[in-house]
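The structure appears right after this line, and notes come after that.
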Amino acid sequence: MIIIASFIFAYILSGTGSPISKEHFDIPSDTTGVCPVTGDKLSGESPSFRYIDKEISFCNDGCVMAFKKEPAKYINSGLKCMPCNEDDSNHNISAVHDGVKYYFCGKGCKSKFEADAEKYLNEYKK
Ligand SMILES: [Zn+2]
Ligand SMILES: [Zn+2]
């Protein structure tokens with residue numbers, strides 16, 4: 001009886017598999033704790049900059065400036081197109097507002113943004 005019970009127990013263990021799958025380690029590390037420009041670990045007092053709906057921290061102001069010029073260089077995916085709220089902006093369709101570059105899914109959204117940039121930026125500050 002004990003043998004049967006332990007066999008069933010072993011079967012259950014192998015059947016459920018390990019709860020820690022490899023995928024857990026493949027999630028792209030989010031920007032918290034690491035400067036997206038240099039990849040360096042951040043110390044306590046790091047400047048931060050809000051890009052659309054993300055608060056991002058950097059190791060210094062130089063990195064913030066580099067980021068503002070070309071965010072797509074440092075954020076590979078999830079660049080938001082503000083007028084339509086989609087995360088699939090085209091890196092080749094961009095507009096600069098207040099020294100910060102923003103990306104859009106198409107020319108239509110770019111024009112909407114340029115017509116009233118502050119309105120869209122404020123919507124994503126909430
Ligand atoms: Zn940095
Ligand atoms: Zn769009």
Side-chain angles (χ1 to χ4, degrees):
M1 196 56 202
I2 292 166
I3 295 167
I4 293 165
S6 61
F7 177 79
I8 291 167
F9 187 55
Y11 178 75
I12 291 166
L13 278 186
S14 65
T16 52
S18 166
I20 302 165
S21 69
K22 195 182 165 288
E23 281 163 47
H24 280 248
F25 303 101
D26 288 340
I27 294 166
S29 55
D30 75 322
T31 49
T32 44
V34 177
C35 174
V37 176
T38 58
D40 288 340
K41 273 227 153 63
L42 298 171
S43 55
E45 284 182 30
S46 41
S48 71
F49 168 66
R50 189 177 178 87
Y51 185 64
I52 306 178
D53 57 349
K54 291 185 181 74
E55 194 76 33
I56 306 171
S57 298
F58 300 86
C59 41
N60 58 51
D61 292 334
C63 288
V64 178
M65 280 166 66
F67 179 85
K68 285 178 176 177
K69 271 190 200 164
E70 205 65 59
K73 219 168 138 182
Y74 310 107
I75 298 181
N76 295 321
S77 61
L79 277 170
K80 201 173 275 299
C81 175
M82 282 182 273
C84 61
N85 194 20
E86 293 286 342
D87 286 338
D88 59 352
S89 291
N90 184 330
H91 293 187
N92 298 315
I93 302 171
S94 62
V96 176
H97 180 76
D98 274 348
V100 185
K101 201 176 230 188
Y102 298 98
Y103 304 88
F104 307 92
C105 64
K107 295 219 165 76
C109 281
K110 181 187 166 173
S111 318
K112 278 190 204 167
F113 176 79
E114 286 178 322
D116 202 350
E118 292 300 331
K119 183 191 120 190
Y120 291 110
L121 288 168
N122 283 330
E123 268 176 30
Y124 287 93
K125 272 181 192 149
K126 286 170 200 160

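Positions are given from 1 along the sequence. Indexing begins at 1, ligand by ligand and atom by atom, following the structure's order.
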Checklist entry - Within the distance-only criterion (no hydrogens, no angle test), does the side chain of Ser48 pair as donor or acceptor with the backbone N or O of Glu55 below 3.5 angstrom? => result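 No; judged by distance alone, with no hydrogens or angles, the pair does not exist.
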Next on the checklist: Over 60° means perpendicular and under 30° means parallel, so tell me whether Phe113 and His97 are parallel, tilted or perpendicular.
Outcome noted: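 Geometry flag for His97 against Phe113: perpendicular rings.
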Checklist entry - Parallel, tilted or perpendicular: which describes the rings of Phe67 and Tyr51, with under 30° parallel and over 60° perpendicular? => result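 Answer is perpendicular, since the angle exceeds 60°.
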Checklist entry - Do the side chains of Asp98 and Leu121 get nearer than 4.5 Å, heavy atoms only? => result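 Side-chain contact under 4.5 Å: no.
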Next on the checklist: Applying side chain to side chain donor-acceptor pair (under 3.5 Å), can you list everything that pairs with Glu45, at least two apart in sequence or on another chain?
Outcome noted: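 Applying side chain to side chain donor-acceptor pair (under 3.5 Å) to Glu45 gives none.
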Checklist entry - What does the angle at the Zn ion (ligand 1) come to, between atom SG of Cys63 and atom SG of Cys35, rounded to 10°? => result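 Value, to the nearest 10 degrees: 120°.
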Next on the checklist: When you measure from the centre of the six-membered ring of Tyr124, is the NZ or CZ of Lys80 closer than 6.0 Å and no more than 45° off the axis?
Outcome noted: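 Pair Lys80/Tyr124 does not count as cation-pi.
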Next on the checklist: Can you count the protein N/O/S atoms lying under 2.8 Å from the Zn ion (ligand 2), leaving waters out?
Outcome noted: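 N, O or S atoms of the protein closer than 2.8 Å: 4.
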